[in-house]
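Just follow the structure's listing: the first ligand is 1, and inside any ligand the first atom is 1. This is a predicted model, so every value here is computed, not measured.
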Amino acid sequence: MSAKENKLDTKSLMPDASGVKQAIAILQSGGLVALPTETVYGLAANALNAQAVQKIFAAKERPSFDPLIVHVPGPTPDWEEWVRMGWLDSSVLKERTLTTLNLWAKDYWPGPLTLILPKGNAIPDAVSSGLTTVGIRMPRSDAMQSVLQGISFPLAAPSANRFGRISPTTASHVLEELNGKIDAVLDGGACNIGVESTIVRPHFKGEEIISLEILRPGAIDPSSLAESGKIPMQAPSTKHFEKTNAPLAPGMLDSHYAPRTPMKWDHAGVSDHAGVSDHSGLSLAVLELPHAAPPPASWSNNTKVLKHAKLSSDPNQAAHELYAVLRDLDALQADLILILGSLPKPEEHPLWHGILDRLTRASHR
Ligand code: AMP
Ligand code: MG
């Protein structure tokens with residue numbers, strides 16, 4: 001590998017005026033900076049610069065079919081300007097569409113909501129993986145907003161981790177995976193929410209948004225979203241939560257967010273469910289969920305438990321700590337990470353749905 005491909009050191013920047021200024025300079029010259037958002041750390045590049053965007057795919061070893069989310073400055077949307085700049089297609093400016101988009105923006109932006117909208121010409125195909133749509137999000141974190149407000153382009157920023165692996169919620173998580181592969185990380189401390197944004201695809205009929213589809217569950221409650229947008233609909237479609245092989249929204253790949261250690265979910269204390277018939281002689285890292293279950297029958301005297309972590313029963317805390325806990329368990333190099341028990345129902349809090357989705361994919365083999 002040439003020195004250029006393998007930069008020796010990734011700079012760690014403070015989230016102050018000087019750090020923000022340095023981050024901006026790197027981004028303006030086509031470089032990569034990991035930035036803290038309220039969800040997870042994003043690996044940012046100029047979304048209008050195809051070469052800069054290619055560097056994201058290279059650093060993450062991300063397949064080109066997986067589109068990137070584009071992050072825009074706040075605190076309020078400037079749809080006309082974004083269309084004028086070619087970030088979005090002019091169809092979003094149709095009166096009825098705009099009414100719904102503005103209602104959503106008012107209630108959820110800046111925040112963990114990504115909207116899939118018709119893309120403008122300035123967004124390179126590399127960002128949208130050739131789709132005619134683009135995922136748009138206005139992040140809430142101060143550091144990222146300071147950067148966005150100091151530049152004239154939006155930022156493509158997928159999670160700052162190797163493709164398919166556990167998303168980073170601290171600057172040191174970013175460095176564990178990408179040190180030397182990116183120019184800098186702006187250290188804004190631990191991300192507040194801890195799981196990725198809720199991704200919503202509005203469905204259009206003429207000029208009107210008539211329904212919405214949740215492509216990835218996150219902190220936002222789908223029915224509140226429908227209510228907020230005053231959408232005449234029965235229930236938001238959640239069909240994409242179901243397992244599908246469709247590569248339409250590849251964050252939904254069956255295996256994603258995964259530790260290196262094999263991970264199995266023992267749903268009901270029945271070992272066969274987890275696909276492991278015998279735990280004897282194995283070293284385990286255990287993640288116990290809020291609705292605890294007893295260890296499976298196959299758990300014998302010589303099953304060695306290296307660590308037994310418990311996920312918080314508070315949904316906000318559980319989402320906040322989820323990826324850090326998974327990283328800790330992964331670092332033990334156990335034979336298996338075993339998930340015991342179950343999560344509270346998604347109806348209790350939208351984050352449980354988000355956590356269920358991440359754990360299901362993380363344990364998929
Ligand atoms: P992340 O890697 O967390 O930034 O998430 C990016 C994910 O957003 C992708 O893997 C897709 O699932 C989704 N996404 C981004 N752009 C689009 C789009 N235009 N259409 C559908 N899904 C998208
Ligand atoms: Mg990701």
Side-chain angles (χ1 to χ4, degrees), residues 32 34-45 47 53 56-57 59-72 87-89 91-92 112-120 123-139 141 144 154-169 173-174 177-178 182 191 193-204 212-220 237-259 319 322-323 326-327 354 357-358 361-362:
L32 300 184
L35 296 172
T37 82
E38 73 278 28
T39 58
V40 303
Y41 273 71
L43 182 55
V53 167
I56 295 180
F57 283 92
K60 280 183 62 86
E61 295 169 33
R62 182 178 175 115
S64 60
F65 61 73
D66 197 4
L68 306 179
I69 292 172
V70 169
H71 295 73
V72 291
W87 305 358
L88 288 172
D89 182 74
S91 57
V92 300
L113 172 67
T114 297
L115 293 172
I116 304 297
L117 296 173
K119 87 174 186 76
I123 304 288
D125 279 346
V127 168
S128 62
S129 301
L131 298 172
T132 56
T133 52
V134 61
I136 296 279
R137 178 163 111 79
M138 185 188 287
S141 91
M144 188 147 180
L155 292 173
S159 52
N161 55 293
R162 298 293 183 96
F163 179 71
R165 298 287 166 195
I166 305 171
S167 300
T169 52
H173 293 167
V174 173
E177 295 195 27
L178 297 175
I182 63 177
C191 300
I193 296 177
V195 296
E196 297 82 352
S197 60
T198 304
I199 302 181
V200 172
R201 178 166 36 201
H203 287 239
F204 292 83
L212 58 91
E213 185 179 359
I214 304 288
L215 298 183
R216 180 172 70 187
I220 292 171
S237 162
T238 55
K239 65 177 182 232
H240 279 275
F241 291 157
E242 317 301 333
K243 286 210 168 144
T244 165
N245 292 323
L248 241 183
M252 299 185 308
L253 288 175
D254 285 347
S255 172
H256 209 82
Y257 317 109
L322 177 72
Y323 289 138
L326 287 179
R327 274 174 189 271
D357 172 74
R358 305 315 189 271
R361 294 177 207 285

Which of these, Val72, Leu115, Thr39, sits in a side-chain contact (heavy atoms from CB on, under 4.5 Å) with Arg137?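 Single side-chain contact (heavy atoms from CB on, under 4.5 Å) partner of Arg137 among Val72, Leu115, Thr39: Thr39.
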Tell me whether Arg358 forms a cation-pi arrangement with Tyr257, defined as NZ or CZ under 6.0 Å from the six-membered ring centre and within 45 degrees of its axis.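 Yes, cation above the ring, under 6.0 Å and within 45°.
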Which part of [X] is near ligand 1, with near meaning a heavy atom under 4.0 Å away: side chain, backbone, both or neither?
| X | result |
| --- | --- |
| Leu215 | side chain |
| Arg62 | side chain |
| Thr114 | neither |
| Thr133 | both |

Quick one, [X] and [Y] - any side-chain contact, counting heavy atoms below 4.5 Å?
| X | Y | value |
| --- | --- | --- |
| Thr114 | Thr198 | no |
| Asp89 | Leu117 | no |
| Ile214 | Val200 | yes |

Has Ser159 got an N/O/S atom less than 2.8 Å from the Mg ion (ligand 2)?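 So Ser159 counts as coordinating the Mg ion (ligand 2), yes.
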Contact with ligand 1 for Lys119, non-hydrogen, under 4.0 angstrom: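 No.
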Measuring from the heavy atoms of Arg201, does anything fall under 4.0 Å of ligand 1?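 Flag not set, Arg201 not near ligand 1.
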Taking only heavy atoms of [X], which atoms of ligand 1 are found under 4.0 Å from at least one of them?
| X | value |
| --- | --- |
| Leu131 | 18 (C), 19 (N), 20 (N) |
| Ile69 | 4 (O), 5 (O), 6 (C), 8 (O) |
| Asp66 | 9 (C), 10 (O) |
| Ile199 | 7 (C), 8 (O), 13 (C) |

NZ/NE/NH1/NH2 to OD/OE distance under 4.0 Å, Arg165 and Glu61: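 Result for this pair is no, no salt bridge flagged.
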Do Arg162 and Glu177 sit within salt-bridge range, that is, some charged N less than 4.0 Å from a carboxylate O?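 No salt bridge links Arg162 with Glu177.
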Do Arg216 and ligand 1 have an N or O pair less than 3.5 Å apart?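 The answer is yes, given that Arg216 and ligand 1 share an N or O pair closer than 3.5 Å.
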Residues in side-chain contact (heavy atoms from CB on, under 4.5 Å) contact with Pro36, at least two apart in sequence or another chain: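 Once residues adjacent in sequence are excluded, the partners of Pro36 under the side-chain contact (heavy atoms from CB on, under 4.5 Å) criterion are Tyr41, Ala143, Leu186.
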